[in-house]
Amino acid sequence: MYHRRVHVCIYADDLCIENAVKGAAALENLEYVLGTSQTLDASLAKQSSVIILDLPHDEAAIRSIDDARSEGSVFVVCADSGDAGIGAMYRHYDELWLRPLDEEKIAYLFGRIAARIKMIEDAWLTDVWLETLIDSLPDLIWFKDARGAHLRVNDSFCDAVGKTKADIRGRGHYYIWDIEPDEYAKGEYVCLESEEIVLREKKNCLFDETVKIKDSFRKFKTYKSPVFDRDGCVLGTVGVARDVTDLQNLQIEMNILFESLPFGVVATDKNQRITAMNGKARELLPGGDAPLLGQDFDALLKALAKRASPQRSLIDRNGHEPLFLERDKVFKLHNENLRDVFSEFAGYIYLFLDVTEDHRRKKELIIDANTDYLTKLNNRRKLHDFLRNTPCTSGTSMLLADIDDFKQMNDTYGHDEGDRILVAFSEILRANFDPENIFRLGGDEFAVIFPATGQSAETALECARDAAQKIIAETEGRAIHHAISVSIGIAAASDQEEDFGALFKKADVALYDAKCSGKNTWCAWSARP
């Protein structure tokens, strides 16, 4: 998390101490930068964290280094055990290393100094973490000793009382909140009692407290916890206070907002119980004049689904298109999570958004994309969707119809006449079969699918034959300035393994056979030898 360069200044006439420090393992996050001098130049000690003096010295030399070194540095003096004068200078150095010194001993003694430096750095980092953490929170946070003096507070606390951290440190309630002791003791907002409860019961406690700030009172939800020393004795308390004054007005403000919105709004708690709603939402939900607050919102939606007609059905709001239709209107039910002033999950808010026009346009686009412009029948794209989404079970049959000599009629009578022929043939198909199962594949080719209804493949094929004969007969009787005829191929699915792709190929082969047999006829697919 941090990287500290520990500058070590060594005054020595040999490399013993330097080699010992170099050989010492650097502690985590620390890097040793060594500088050695054989002369007593006090200026070298100014930027050093550790100064080791192992040169002949006198009182003046020690004093000069002590005066030059920076605050917080460690000054080590190496001396002989018989040097009586060095003891009188103890105020000017931090450690005394007695000779003889070998590299192992020096490494050990230096390691203790490095460990203290690391402890100081770690404590600094912990303090920075704590200060950053509490200052980043919007709640009021404080630490107090057992006497009630504030030891540390965060920026939010300072903003609330209008004082700096330096002003607050070591002070009590009366000074911090600018309240006279007599005034403080009169009201129900006394919070000193809660401190005594925490100190006495030695456990986390939650309080509702009223505090006077300047000329107004504020309501706080206050969490207080005891802080223990190593022996389990209470050192003091830590508190976190959340200002909940405005929560009392939240319901009124929400109702005003809800009623002014141009769409229905419903708010619920975490259990889907209705807590607020506007008039537009009441008009949509069932229940008449019965009070809806407190009712289960999911149950009301289910009741709305039952009340709606089949054309106006409720669709699960968790789907991709959460829509429900009511009174010829289409609404999108949009929901979001609600969070309280503490940013904690509190429930849901639902918006009934009128998307009737968007739904109509989307429906028209879907119809246009799947409908043949000329005949108004399903187009080839719709057929692909049908084949992809519909199982081809035994007893399903298909009819492919192709108008005979259509290209020649187009060339002879013109495309307008060709279009009239296509429309006329489409009317024949629409009059005899379910339009959902009729498809124009392109040009003069059409397909009719007969879904399985439980009959056998033979019965299904017989029904398709009857249909083909009827189409041919009606086509012959619908001449438009000239006679028209049609060739038809039919096929039926024989087992569960067959798919629509295989069935389509069979019907196409049968259509080819009909064309080859003289046209104006039908053929059923049969297996080739």
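Just so you know, these numbers use all the heavy atoms, side chains as well, and skip hydrogens, waters and symmetry mates. A quick note: this is a predicted structure, and the numbers were derived from the prediction, not measured.
No salt bridge links Lys219 with Asp208; every basic N to acidic carboxylate O contact stays at or beyond 4.0 Å. Under the 4.0 Å criterion applied to side-chain N and carboxylate O atoms, Asp385 and Lys382 are not assigned as salt-bridge partners. A salt bridge links Asp405 with Lys519: at least one charged nitrogen is closer than 4.0 Å to a carboxylate oxygen.
Every side-chain contact (heavy atoms from CB on, under 4.5 Å) that Phe263 has, sequence neighbours left out, goes to Leu261, Val265, Leu351, Leu353. By the salt bridge (charged side-chain N to carboxylate O under 4.0 Å, His left out) test, Glu462 is found to be paired with Arg465, residues two or more places apart in sequence or in another chain being considered. With sequence neighbours left out, the ring-ring contact (aromatic ring centres under 6.0 Å, His included) criterion links Phe143 to no other residue.
Arg4 and Ser49 are linked by a side-chain donor-acceptor pair at a separation below 3.5 angstrom, with hydrogens and angles left out of the test. Side-chain contact annotation: Asp159 with Ser156, donor-acceptor N/O pair under 3.5 Å absent. Counted by atom type alone, Asn432 and Lys470 present one or more donor-acceptor pairs between their side chains at under 3.5 Å. In summary, the side chains of Gln408 and Tyr413 do not present any donor paired with an acceptor at a separation below 3.5 Å, with no hydrogens or angles considered. With hydrogens and angles left out, the side-chain atoms of Ser487 and Asp402 include no donor and acceptor closer than 3.5 Å. Judged by distance alone, the side chains of Glu336 and His334 do bring a donor and an acceptor atom under 3.5 Å apart.
More than 12 heavy-atom neighbours from other residues, nucleotides or ligands sit within 6.0 angstrom of CD on Glu201. Around the CZ atom of Arg5, the shell of radius 6.0 Å holds no more than 12 heavy atoms that belong to other residues, nucleotides or ligands.
Contact check for Leu400 versus Phe504: side-chain heavy atoms found under the 4.5 Å cut-off. Side-chain contact between Phe352 and Leu333 is present, with at least one heavy-atom pair separated by less than 4.5 Å.
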